[in-house]
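Below is one structure, written out as structure tokens, with a few remarks after it.
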Amino acid sequence: MAPTSSLTPSQERLLLWSLAAIQFTHIVDFMVMMPLGPQLTRLFSLTDAQFGVLVSAYSLAAGASGLLASLVIDRFDRLRALLVLYAGFTLATLACGLAPTYLSLMLARVAAGIFGGVLGALVQTIVGDAIPFERRGAAMGIIMSAFSLSTVAGVPASLWVAAHWGWHAPFILIAMASALVWLMVWRTVPGLPGHVRDASQTAWQRLHAVIGDANHWRAFGLSALMVMGSFSIIPYITIYTTTNLGLTQEQVPLIYLVGGVATFFTARLWGRLSDRWGKVNTFRALCVVAVLPMLGLTHLDSPSLWLILLASTGFFVFVSGRMVPGMALLTAAPAPALRGGFMSVNSALQSAAMGLAAWIGGELISRAPDGRVLGYERTGWLALATTVVLVWGVGRVRLHTAPPRTP
């Protein structure tokens, strides 16, 4: 079985699109919880903070499982690990669709997070193993286009299904789609053993090598800040736009549809530009521009649908856009032999940051007696503060940019 560095162009494309399909399903599973907020808070009589905990449960579970996975992930063929984790994620998502109570849904979300969080790290690790650094921006653009497709097709379709058959139905549909993707990956993706080396090291020695490197912590900090600002905003977009701006439940999918169409094209554009102009320069430029829609969306007080779509689409295009060069940079922060463990720890910290950000967002906002959301603009100022640190901190991460080696 060929090592990752000898994949043919057709195998490389098949690998990237297969990984993008996996990303699509688990991103839809994560994202669909947010626009379902009004239904779930009404059905289970939840406060905004309790809903934030429900969103955070996935991220916090993903963080814990990512930390545990870092101990062993580099000892296994990437494809076998991918198939096992994806099967667990599919079953957990099905459990979400069958959950009858808030508590059972919470437990199912925890299970989905345990598998889904490691999946995200493993997908990014495989890209780092298989794709040379000079082409990794474009590769990450393809992977990140899964986010766009999930907003274009996945989330609107899930909301349509939920409106007609109840909130359980989207999770059952996602589980069915995941089962089909699992079969496709099993039948078409080659084994990926090229990273496995230095088996004499114990799991704890590998973990120490990952967490004992100061450069790794600079990269971890960068990763956490990329999601801290945005995920204090994202879970409450639907609640804010429907409660304060008068958007109807039927109009909510437009936010994700229009934003997703735009980002589907721009994600790959940012990837190509980051390979051409430099990943650090592209990352900084996107961070600076992303501040405008972050502040615009959180301060918006107009009921105009066009203004809402302009702000939300700009938010998706530039906030998700900075993840393309950002994740390409992160895959180059560790030495190749430590990449799996590094990306698993990174996934743990990033998931914890998402959960913390969702909780902070819930604490920053409150409700007026008439039900309107108060304090949403504070999340925009938090996003601005994290952006300032990101623009400065990205230049402090040392990169390993040598091409992948055969074992």
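If you read the sequence from its start, that first residue is 1, and numbering goes on from there.
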Nearest non-hydrogen partners of [X] and [Y], listed with the distance:
X: Thr331; Y: Met140; answer: CG2-CE, 3.6 Å
X: Pro100; Y: Ser104; answer: CD-OG, 3.1 Å
X: Pro293; Y: Ala311; answer: CB-O, 3.7 Å
X: Pro170; Y: Val32; answer: CB-CG2, 4.4 Å
X: Ala353; Y: Met228; answer: O-SD, 3.4 Å
X: Gly113; Y: Ser65; answer: O-OG, 3.8 Å

Any side-chain heavy atom of [X] within less than 4.5 Å of one from [Y]?
X: Arg268; Y: Leu273; value: no
X: Ile365; Y: Tyr240; value: no
X: Leu82; Y: Leu19; value: yes
X: Val185; Y: Leu79; value: yes
X: Val394; Y: Leu390; value: no
X: Leu43; Y: Trp167; value: yes
X: Leu36; Y: Phe171; value: yes
X: Leu338; Y: His216; value: yes

Q) Can Ile234 and Phe315 be said to form a side-chain contact (heavy atoms from CB on, under 4.5 Å), step by step? A) CA-CA 10 Å; Ile234 292 173; Phe315 180 92; 3.5 Å; yes
Q) Can Arg339 and Asp129 be counted as an ion pair, charged N to O under 4.0 angstrom? A)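 A salt bridge links Arg339 with Asp129.
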Q) Quick one: do Asp29 and Arg109 make a salt bridge, cutoff under 4.0 Å? A)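 Salt bridge present between Asp29 and Arg109.
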Find the distance between [atom1] ([X]) and [atom2] ([Y]) and round it off to the nearest 0.5 Å.
X: Arg322; Y: Phe318; atom1: CZ; atom2: CZ; answer: 12.0 Å
X: Trp160; Y: Leu173; atom1: CH2; atom2: CG; answer: 10.5 Å
X: Leu330; Y: Phe283; atom1: CG; atom2: CZ; answer: 8.0 Å
X: Ile211; Y: Leu349; atom1: CD1; atom2: CG; answer: 10.0 Å
X: Thr125; Y: Arg78; atom1: OG1; atom2: CZ; answer: 5.5 Å
X: Ile22; Y: Ile126; atom1: CD1; atom2: CD1; answer: 7.0 Å

Q.
side-chain contact (heavy atoms from CB on, under 4.5 Å) for Phe316 and Ile255? Distances and angles first, verdict last.
A. CA-CA 10 Å; Phe316 285 123; Ile255 292 177; 3.9 Å; yes
Under a 3.5 Å distance rule, please check whether [X] uses its side chain to pair with a backbone N or O of [Y] as donor and acceptor.
X: Lys279; Y: Met327; value: no
X: Asn346; Y: Phe220; value: no
X: Asn215; Y: Val397; value: no
X: Arg272; Y: Ala138; value: no
X: Trp359; Y: Val53; value: no
X: Ser347; Y: Ser344; value: no
X: His168; Y: Ala99; value: yes
X: Thr263; Y: Thr266; value: no
X: Arg378; Y: Leu364; value: yes
X: Thr242; Y: Ile239; value: yes

Q: Going by the side-chain contact (heavy atoms from CB on, under 4.5 Å) test, name the single residue among Leu254, Thr313, Leu247 that passes it with Ile308.
A: Leu247
**Q.** Full working for side-chain contact (heavy atoms from CB on, under 4.5 Å) between Leu295 and Trp381
**A.** CA-CA 7 Å; Leu295 292 177; Trp381 294 121; 3.9 Å; yes
Would [X] and [Y] count as having a side-chain donor-acceptor pair, cut-off 3.5 Å?
X: Thr90; Y: Thr93; answer: no
X: Ser223; Y: Gln350; answer: yes
X: Tyr86; Y: Thr25; answer: yes

Q. Taking the six-membered ring for Trp, is the centroid-to-centroid distance between Trp277 and Trp270 below 6.0 Å?
A. no
Q) Does CZ in Arg367 sit with more than 12 non-hydrogen atoms of other residues, nucleotides or ligands closer than 6.0 Å? A) yes
Q.
Check whether Tyr376 forms a cation-pi arrangement with Arg372 (NZ or CZ under 6.0 Å from the six-membered ring centre, at most 45° off the ring normal).
A.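 That pair does not qualify as a cation-pi contact.
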Q: Can you label the angle between the Phe30 ring and the Tyr58 ring as parallel, tilted or perpendicular, going by 30° and 60°?
A: tilted
Q. Mind checking whether Trp182 and Trp186 have parallel, tilted or perpendicular rings, split at 30° and 60°?
A.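 Judged by the thresholds at 30° and 60°, the geometry between Trp182 and Trp186 is parallel.
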Q: Go through the steps for Met33 and Leu54 under the test side-chain contact (heavy atoms from CB on, under 4.5 Å), then give the verdict.
A: CA-CA 9 Å; Met33 282 296 297; Leu54 187 60; 3.3 Å; yes
